[in-house]
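A, B, ... follow the sequence lines: proteins, then strands. Residue 1 opens every chain.
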Protein chains: 4
Amino acid sequence: MRATEKLLADYGFHGLSMQMVAREAGVATGTIYRYFEDKQDLLHQLYDHILSRVAQLVTQNVTDDMPLKERFRTMWLNIWAMAYQEDAPLINRGQFENLPRRNTLEQQQLEQKLFSKVHRLFEEGKAQGLLKPLDNEILSVLGLEPSACLARKHLTGVLHVDEKSREAALEACWDAITQHD
Amino acid sequence: MRATEKLLADYGFHGLSMQMVAREAGVATGTIYRYFEDKQDLLHQLYDHILSRVAQLVTQNVTDDMPLKERFRTMWLNIWAMAYQEDAPLINRGQFENLPRRNTLEQQQLEQKLFSKVHRLFEEGKAQGLLKPLDNEILSVLGLEPSACLARKHLTGVLHVDEKSREAALEACWDAITQHD
Amino acid sequence: MRATEKLLADYGFHGLSMQMVAREAGVATGTIYRYFEDKQDLLHQLYDHILSRVAQLVTQNVTDDMPLKERFRTMWLNIWAMAYQEDAPLINRGQFENLPRRNTLEQQQLEQKLFSKVHRLFEEGKAQGLLKPLDNEILSVLGLEPSACLARKHLTGVLHVDEKSREAALEACWDAITQHD
Amino acid sequence: MRATEKLLADYGFHGLSMQMVAREAGVATGTIYRYFEDKQDLLHQLYDHILSRVAQLVTQNVTDDMPLKERFRTMWLNIWAMAYQEDAPLINRGQFENLPRRNTLEQQQLEQKLFSKVHRLFEEGKAQGLLKPLDNEILSVLGLEPSACLARKHLTGVLHVDEKSREAALEACWDAITQHD
DNA sequence: CATGAATGAGCCTTCATTCAT
DNA sequence: AATGAATGAAGGCTCATTCAT
């Protein structure tokens with residue numbers, strides 16, 4: 001899986017062949033098939049693997065006793081920082097997003113669990129009347145997704161985001177999800 | 001190009017073969033090559049084609065004499081509506097985003113021009129002190145991107161968004177880009 | 001046919017497509033098929049065409065009243081010179097030789113006739129006891145073929161042949177076909 | 001390579017497809033690509049392979065202590081005989097000649113070495129004043145090339161060469177390269 | 001368990017030939 | 001007679017997957 005991730009990051013989704021993965025991993029082609037059903041399975045498992053790393057990175061340094069705004073801020077910046085990780089889980093984000101995804105219930109419950117800290121943040125915020133009474137998924141799209149989106153554009157050079165703009169974008173996201181009289 | 005678009009929407013970027021395109025279009029394989037240099041060229045041209053349709057759909061029923069909020073609202077809902085278009089430009093959005101893109105200056109100027117109404121909206125808003133003084137690109141990510149993102153999730157069934165939620169999301173996006181005392 | 005010859009000389013046997021020929025000739029693709037049965041026929045006819053030009057070039061400035069040696073010498077040098085012709089019949093020689101050839105009797109009789117001056121030279125030489133009593137075809141291989149072979153190698157740079165060597169080679173060919181007590 | 005050689009001999013350079021080679025060799029198409037980079041590489045390697053067989057056949061039964069004329073005679077007849085080899089290296093000669101050739105120095109040195117016996121023959125002959133003082137390459141064209149050329153024509157039926165004629169042609173070639181008073 | 005040679009369907013692209021205009 | 005768009009078989013090559021060792 002490490003090999004696959006590296007190749008995906010370096011060469012993109014095309015040009016990912018099982019023989020390349022095998023060579024990079026230092027094993028024979030056939031060996032892969034003892035641990036993964038087929039290519040699709042490898043990609044699925046990689047998705048899960050990366051997703052849990054992403055979840056870990058997003059929620060690191062966040063504890064449930066921090067103030068809500070503080071938690072949001074930390075997560076938002078964690079997402080931003082993820083793009084610069086040397087050990088590249090998200091550099092792949094571009095690629096990662098279109099990894100084939102299972103759409104099973106199990107999968108959704110897994111994601112639910114991985115991002116429970118995020119959900120807790122949103123639930124508490126709504127309970128306090130601080131956040132808008134929207135579905136967590138929607139709050140996520142409004143409040144956190146833009147961080148990933150901007151980071152990606154920043155990284156690919158489509159758009160330069162300086163520190164001040166980044167801070168303003170963070171605040172704007174907060175504005176999006178909080179109640180305004 | 002219509003055939004390509006359909007196949008892209010149905011089967012995704014991978015598994016798009018020239019043979020399939022030809023069959024779907026009801027022509028012989030070789031015929032494609034009379035109108036497109038190669039597969040890459042077909043994809044590039046398709047990108048341009050869709051982009052201009054997207055621009056047209058996003059900005060339809062928007063005129064520069066409408067109030068700012070009204071313009072924003074119309075665009076946001078246009079984006080939302082795009083996902084339901086029978087003749088599917090955005091169903092592909094998921095796929096569309098990773099169509100190979102030329103990154104020439106020309107291309108960027110073209111995009112600039114196609115979305116000039118959007119840019120004008122943002123510029124006026126900033127001039128009036130109504131909108132936050134951020135780069136248009138950033139405002140776009142904060143204010144409009146979530147519409148596409150939610151519509152996509154709604155359509156794929158990952159998330160159900162009722163009319164009230166949609167309205168709330170729209171307002172939240174407006175909150176994100178406007179100044180607050 | 002002129003177009004075909006040019007393309008053959010420039011790009012070789014591969015990369016000779018009917019559409020290229022048409023474009024070079026300034027006509028539509030289909031037009032070719034009004035004048036030639038198919039590609040093979042075009043090539044056959046081109047072969048004949050070039051062969052007659054070759055015959056003309058080989059035997060130019062040769063008349064039956066010249067001394068035998070003089071005639072031989074002229075032909076040998078004509079062959080050598082052919083390689084340098086601007087209007088390229090033989091530059092193609094490399095390519096020309098593996099143009100598809102019909103092997104009919106007619107064809108052989110045609111060639112017989114085209115090179116009648118050569119045959120007359122050999123017949124007279126044998127009658128006078130000056131040349132070896134061998135089949136004309138064999139005399140041709142021994143006496144004239146080497147000129148083409150050397151010129152080709154000289155032209156492709158495989159081998160440098162200066163004027164003195166060329167003269168010596170000519171004499172050696174004469175030695176090959178003449179009687180030696 | 002054996003399959004390629006056979007197909008080349010039977011159907012010529014054009015009309016040699018990797019699929020055909022695979023079928024003839026009794027393997028799958030893809031298998032070829034485990035042993036050869038691509039078609040060009042296959043042809044290059046085949047060229048080398050055949051060339052070394054040709055060199056071996058041309059110089060077999062020739063040792064440096066044999067009289068010069070004897071050596072020449074043996075080689076000349078070896079070349080002639082090559083055309084009749086069941087296991088067909090030279091039947092291809094026609095085709096063989098226009099196999100794509102690398103033109104590297106290495107290649108030339110290899111050829112030099114393969115045919116060193118021929119070069120030695122010519123060098124000794126010139127040293128003794130028996131042969132004309134010409135470049136070895138030229139002597140080769142004058143003295144040995146005609147053997148291949150005649151054999152080829154004989155084999156394709158263009159020309160019938162009986163034993164006596166063959167002997168005379170051999171002598172004529174000797175006349176071509178030797179000094180005369 | 002691990003190997004890696006072998007497989008063969010499938011991909012992109014070319015091009016000789018046809019035929020409605 | 002000329003056109004040139006359309007055809008579709010075939011070509012070179014890749015790669016997910018299998019299986020005998």
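Heavy-atom minimum distance, C:Met1 versus C:Leu46: O-CD1, 3.7 Å.
Rounded to whole angstrom, the span from the CD atom of A:Glu37 across to the P atom of F:dT17 amounts to 10 Å. In this structure, C:Phe13 atom CZ and E:dC15 atom P are separated by 13 Å, rounded to whole Å. Rounded to whole Å, the distance from CG on C:Leu43 to P on E:dA16 is 10 Å. Between the CE atom of A:Met18 and the C1' atom of E:dA2 there is a distance of 15 Å, given to the nearest Å. Remark: C1' of E:dC15 and CG of C:Leu42 are 14 Å apart, rounded to the nearest angstrom. Taking atom NE2 on A:His14 and atom C1' on F:dC15, their separation rounds to 13 Å, with Å as the unit. Whole-Å rounding puts the C:Leu16 CG to E:dT14 C1' distance at 13 Å. The distance between atom OH of C:Tyr35 and atom P of E:dT17, rounded to the nearest whole Å, is 18 Å.
Between B:Gln108 and A:Val158 there is no side-chain heavy-atom pair separated by less than 4.5 Å.
Base pairing analysis places E:dT7 opposite F:dA16; the two distances defining the Watson-Crick or G-U wobble pair are each below 3.5 Å. Pairing for E:dT21 is with F:dA2, a Watson-Crick or G-U wobble pair whose two hydrogen-bonding atom distances lie under 3.5 Å.
For D:Thr31, a side-chain nitrogen or oxygen approaches OP1 or OP2 of E:dT7 to under 4.0 Å. For E:dC1, neither phosphate oxygen OP1 nor OP2 lies less than 4.0 angstrom from any side-chain nitrogen or oxygen of A:Arg34. Proximity of A:Thr29 to the phosphate of E:dG4: no side-chain N or O atom is located under 4.0 Å from OP1 or OP2. For the OP1/OP2 pair of F:dT3 and a distance below 4.0 Å, the side-chain nitrogens and oxygens of C:Tyr33 include no atom meeting the criterion.
Positionally, the nearest nucleotide of DNA chain E for B:Lys39 lies more toward the 5' end than for the other of C:Gly15 and B:Lys39. Map C:Ala28 and D:Gln19 each onto its nearest nucleotide of DNA chain F; the residue landing nearer the 5' end is C:Ala28. Judged by closest nucleotide on DNA chain F, C:Ile32 is the one of C:Ile32 and A:Asp38 placed further toward the 5' end.
Among C:Lys39, C:His44, C:Gln45, the single residue meeting the side-chain hydrogen bond (donor to acceptor under 3.5 Å, both in side chains) criterion with C:Asp41 is C:Gln45.
Using a 30° and 60° split on the angle between ring planes, D:His14 and C:Phe13 fall in the tilted class, from 30° to 60°.
Within 6.0 Å of CZ on A:Arg2 lie no more than 12 heavy atoms contributed by other residues, nucleotides or ligands.
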